[in-house]
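In what follows, a single structure is set out as structure tokens and then discussed.
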Amino acid sequence: MTQELVTAIVEMREDDAVAVATELLDDGTSPTSVLDACRDAMDVVGQRFETGQCFMPEMILGGEILGQIAEVVKPRMDDVEDSQEKLGTIVFGTVEGDIHDIAKDIVAFMLDTNGFEVIDLGVDVPPQTFVDAVETSGADIVGLSGFLTLAYDPMKATVQALRDAGLEDVKVMVGGGQVDEHIRVYTGADAWGRDAAAAVKIAKSWT
Ligand code: B12
């Protein structure tokens with residue numbers, strides 16, 4: 001039935017997609033599997049955009065469908081804990097030049113519900129804004145999200161700006177889109193994660 005979800009998203013059947021996602025969750029499918037299906041569907045949408053088979057309106061609608069599904073999935077995340085004591089503070093945002101925020105919002109939500117204080121700076125965030133937020137909040141961790149290839153240089157610049165400001169002890173993780181170990185090394189970040197669960201695991205390992 002996850003294939004049904006992929007098909008509904010790819011075919012832009014908004015109501016069906018949300019209904020199928022809800023049904024899957026009600027039937028016991030894990031939130032992670034539902035999100036994986038969303039990722040598969042968005043990969044197809046992205047490839048179609050890349051090859052000229054669909055255009056911006058479809059990508060915008062795909063984003064909207066995904067946003068709605070995320071709202072259904074978030075409260076059902078398996079490992080949501082209602083932690084009283086905060087494990088640490090994380091400054092999080094999508095880097096300069098990039099406005100993709102659906103994934104960022106999911107990761108920020110997961111970190112928050114797993115006991116971290118999350119300062120979400122939004123999208124298109126310049127390096128200095130991350131530095132200022134860390135200095136003001138005393139955060140221990142910075143999370144950088146980015147989906148564009150063009151986001152890798154701002155990620156690198158943000159890590160450098162934190163180091164230049166003397167914030168060597170602040171741990172930085174990167175993620176989103178095609179980010180992998182190669183990009184982690186390029187940006188100088190301390191870790192990279194494939195999904196929201198990985199972000200939580202990494203953050204917990206640092207606190
Ligand atoms: C939806 C979408 C949009 C929407 C964004 C809506 C929104 N509010 O976010 C809109 C339509 C606005 C958009 C705009 C553009 N987009 Co766009 N978009 C996508 C699409 C189809 C899906 C992205 C998405 O949300 N995926 C769903 C998420 C939830 O899935 P996920 O990746 O599994 O999420 C997990 C991880 O990312 C991880 N994660 C995320 N951040 C972090 C951070 C940390 C620290 C960690 C540990 C983990 C982590 O956790 C998430 C949750 O589990 C992708 C294609 C794709 N395959 O990704 C293209 C894609 C990213 N877009 C692309 C492009 C080109 C653009 C535009 C430049 C198009 C244009 N010509 O204007 C603009 C960019 C504008 C800008 N300056 O940013 C390209 C990028 C190509 C490239 N290599 O640079 C892609 C790959 C499409 C393609 N194949 O061509 N886009």
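Order of appearance sets the numbers: ligands from 1, and atoms from 1 within every ligand. Small disclaimer: the values here were computed from a predicted structure and weren't measured.
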CZ/Phe92 to CZ/Phe109 distance, rounded to the nearest 0.5 angstrom? 14.0 Å

With heavy atoms of Ile60 as the reference, note each atom of ligand 1 found under 4.0 Å away. 11 (C)

Closest candidate by heavy atom, reference atom 49 (C) of ligand 1, pool Pro31, Gly177, Gly176: Gly176

Has Asp101 got any heavy atom lying under 4.0 angstrom from an atom of ligand 1? yes

Sub-4.0 Å protein heavy atom near atom 43 (C) of ligand 1: yes

Nearest non-hydrogen contact with atom 83 (N) of ligand 1 belongs to which option: Leu150, Val44, Thr149, Leu66? Thr149

Only heavy atoms count here, so choose which of Ile99, Asp105, Thr32, Val200 is nearest to atom 76 (C) of ligand 1. Ile99

Any donor and acceptor pair, going by atom type alone, linking the side chain of Ser137 with main-chain N or O of Ala133 inside 3.5 Å? yes

Subset of ligand 1 atoms that lie under 4.0 Å from at least one heavy atom of Gly97: 76 (C), 77 (N), 78 (O)

Is the shortest distance from a heavy atom of Trp192 to ligand 1 less than 4.0 Å? no

Do the side chains of Ile141 and Thr89 get nearer than 4.5 Å, heavy atoms only? no

Given side chains that start at C-beta, do those of Met12 and Ile65 come closer than 4.5 Å, heavy atoms only? yes

Below 4.0 angstrom, counting only protein heavy atoms, does anything approach atom 20 (C) of ligand 1? no

What I'd like to find out is whether the side chain of Val134 reaches to under 4.5 Å of the side chain of Val142, using heavy atoms alone. yes

Under 4.0 angstrom from ligand 1, any heavy atom of Met173? yes

If hydrogens are left out, which of Gln178, Glu50, Met59 has an atom nearest to atom 66 (C) of ligand 1, that is, the closest non-hydrogen atom? Met59

Among all protein heavy atoms in this structure, tell me which lies nearest to atom 52 (C) of ligand 1, with the distance rounded to 0.1 Å. Ala196 N, 3.8 Å

Please check if a non-hydrogen protein atom sits closer than 4.0 Å to atom 85 (C) of ligand 1. no

Residue and atom name of the nearest protein heavy atom (relative to atom 64 (C) of ligand 1), distance in Å to one decimal: Leu148 CD2, 3.7 Å

So, is Gly62 polar-close to ligand 1, with some N/O to N/O distance under 3.5 Å? no

Would you mind running through ligand 1 and noting each atom that sits below 4.0 Å from a heavy atom of Gly193? 46 (C), 47 (C), 48 (C)

Protein non-hydrogen atom below 4.0 angstrom of atom 81 (C) of ligand 1 present: no

Closest approach of any protein heavy atom to atom 6 (C) of ligand 1, naming residue and atom: Ile102 CD1, 3.9 Å

At under 4.0 Å between heavy atoms, what of Val174 touches ligand 1? The answer is backbone

Could any protein non-hydrogen atom be found less than 4.0 Å from atom 14 (C) of ligand 1? yes

Report the C-alpha distance between Asp190 and Arg163 in whole Å, list the side-chain angles of each, state the deciding distance to 0.1 Å, and finish with yes or no for salt bridge (charged side-chain N to carboxylate O under 4.0 Å, His left out). CA-CA 12 Å; Asp190 299 291; Arg163 304 308 176 222; 3.2 Å; yes

Should one rank Met56, Glu58, Lys201, Arg39 by closest heavy-atom distance to atom 70 (C) of ligand 1, which comes out on top? Met56

Does a side-chain heavy-atom distance below 4.5 Å link Asp120 with Lys104? yes

Do Asp43 and Gln47 pair up side chain to side chain, a donor and an acceptor below 3.5 Å, judged on atom types alone? no

If you look at every heavy atom in Ile9 and Ala17, which pair is closest and at what distance? CG1-CB, 4.0 Å

Interatomic spacing from CG in Leu111 to CD1 in Ile202 - rounded to 0.5 Å: 9.5 Å

Any side-chain heavy-atom pair of Leu144 and Phe130 under 4.5 Å: yes

Sub-4.5 Å side-chain heavy-atom contact between Val34 and Leu5: yes

Tell me, which protein residue and heavy-atom name are nearest atom 16 (N) of ligand 1, and how many Å apart are they? His100 NE2, 3.1 Å

Short side-chain donor-acceptor distance under 3.5 Å, His100 and Asp98: yes

Check each atom of ligand 1 against the heavy atoms of Asp98 and keep those under 4.0 Å away; list them by number with element. 78 (O)

Can you check whether Val10 reaches Met42 side chain to side chain, under 4.5 Å on heavy atoms? no

I'd like to know whether ligand 1 has Ala198 as a neighbour, heavy-atom separation below 4.0 Å. no

Counting non-hydrogen protein atoms only, what is the nearest one to atom 55 (C) of ligand 1? Give residue, atom name and distance. Met42 O, 3.6 Å

Looking only at protein heavy atoms, which one is nearest to atom 46 (C) of ligand 1, and what is the separation? Gly175 CA, 3.7 Å

Determine whether any protein heavy atom is located less than 4.0 Å from atom 23 (C) of ligand 1. yes

Out of all atoms in ligand 1, which are within 4.0 Å of some heavy atom of Ala199? Include the element for each. 47 (C)

Output the list of atoms in ligand 1 that are nearer than 4.0 Å to some heavy atom of Leu144, sorted by atom number. 43 (C), 45 (C)

Compute the minimum heavy-atom distance from Arg194 to ligand 1 and say whether it is under 4.0 Å. yes

Could you give the distance from CE (Met173) to OG (Ser145), rounded to the nearest 0.5 Å? 10.5 Å

Which atoms of ligand 1 sit under 4.0 Å from any heavy atom of Asp43? 56 (C), 57 (N)

Is the NZ or CZ atom of Lys156 both under 6.0 Å from the centre of the six-membered ring of Tyr186 and within 45° of that ring's axis? yes

Checking a contact table here: which protein heavy atom is nearest atom 87 (C) of ligand 1, and how many Å away? Gly46 CA, 3.8 Å

Report yes if some heavy atom in the side chain of Lys204 is under 4.5 Å from a heavy atom in the side chain of Val200; otherwise report no. yes

